[in-house]
Amino acid sequence: MFKNARTCVGIGGLAIVFLLQGCGKSDDAPKVEATAASVPVAAASATAHSGKPSVEMAVAVDSDTKPATSFSADTPKLIAFVLSKGTKAGDVLGCTWIAEDVGTAAPKGTKIEESTFVGDKVDFSGGCSLSKPTNGWPIGQYRVDAYVGTELAGNTKFSIE
């Protein structure tokens with residue numbers, strides 16, 4: 001069902017800071033594509049766990065587009081941008097893409113893909129991408145979990161409409 005290509009890469013800190021600077025704010029305005037530097041960001045909220053490494057996260061179609069919490073079924077690729085806190089160079093950050101509820105397309109909580117990357121500095125940033133499945137994105141609810149090592153550090157949710 002979820003056959004696709006995925007990548008996980010380190011991303012320049014400045015670009016990800018622009019993408020994540022508004023995490024947790026709500027935005028009911030229509031989706032408008034713009035550069036991250038020119039628009040206040042209304043990103044998906046991130047869940048963090050105090051006392052341990054944590055992450056801020058947002059999902060977007062690329063590094064120049066405003067993060068969102070919903071995407072169309074024909075979106076070619078999604079990227080989960082991750083900014084870690086409390087991490088050090090050499091820490092491994094993993095992303096797990098999960099289909100929380102996509103109706104009959106897959107059982108609830110289906111793991112779609114997971115990937116990892118290694119931090120190159122303190123409080124590193126990066127992103128993990130997931131390409132549209134061969135038959136298109138099933139309509140429904142999704143989330144991306146981020147792990148530092150084996151510990152859950154945060155997550156973000158989005159929908160395909």
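Closest heavy-atom contact between F81 and A60: CE1-CB, 3.8 Å. Closest of all the heavy-atom pairs between S129 and I79 is CB-CG1, 3.8 Å. When all heavy atoms are compared, the tightest approach of D123 to L83 is O-CD1, 4.2 Å. Across every non-hydrogen atom of K111 and T96, the tightest pair is CG-CG2, 3.7 Å. Nearest heavy atom pair, residue I160 against residue A73, reads CG2-CA, 3.6 Å. Nearest approach of T116 to G94, heavy atoms of both residues: CG2-CA, 3.9 Å.
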Pair M57, V144 - check side-chain contact (heavy atoms from CB on, under 4.5 Å), show working.
CA-CA 9 Å; M57 300 178 70; V144 183; 3.7 Å; yes
When you look at L93 and V55, which way does the side-chain contact (heavy atoms from CB on, under 4.5 Å) test go after all the steps?
CA-CA 10 Å; L93 190 137; V55 297; 3.9 Å; yes
Test W97 against D145 for side-chain contact (heavy atoms from CB on, under 4.5 Å), laying out the working first.
CA-CA 7 Å; W97 297 80; D145 291 339; over 6 Å; no
Trace of the side-chain contact (heavy atoms from CB on, under 4.5 Å) decision for Y147 with V92
CA-CA 8 Å; Y147 294 84; V92 176; over 6 Å; no
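A side chain to side chain contact (heavy atoms under 4.5 Å, CB included) with V102 is found for one member of S159, P138, P107 and no other, namely P138. For the side-chain hydrogen bond (donor to acceptor under 3.5 Å, both in side chains) test with E100, the passing option among Q141, K108, R143 is R143; the others fail. Across D74, T69, T75, a single residue satisfies side chain to side chain contact (heavy atoms under 4.5 Å, CB included) together with F71, and that is T75.
Atom NZ of residue K121 and atom OG of residue S84 lie 9.0 Å apart, to the nearest 0.5 angstrom. Between K85 atom NZ and S54 atom OG the span is 6.5 Å, to the nearest 0.5 Å. The structure places SG of C95 at 5.5 Å from CZ of F117, a figure rounded to the nearest 0.5 Å. Of the inter-residue distances, the one linking E113 atom CD with S131 atom OG reads 10.0 Å to the nearest 0.5 angstrom. Atom-to-atom distance recorded for K132:NZ and S72:OG is 9.0 Å, nearest 0.5 angstrom.
With a 4.5 Å cut-off on side-chain heavy atoms, F124 and D91 count as touching.
Ring pair Y142/F158 is parallel by interplanar angle, where below 30° counts as parallel and above 60° as perpendicular.
In the hydrophobic clustering of this structure, L78 does not group with I98; members are Ile, Leu, Val, Met, Phe, Trp, Tyr whose side-chain heavy atoms approach within less than 4.5 Å, directly or through other members.
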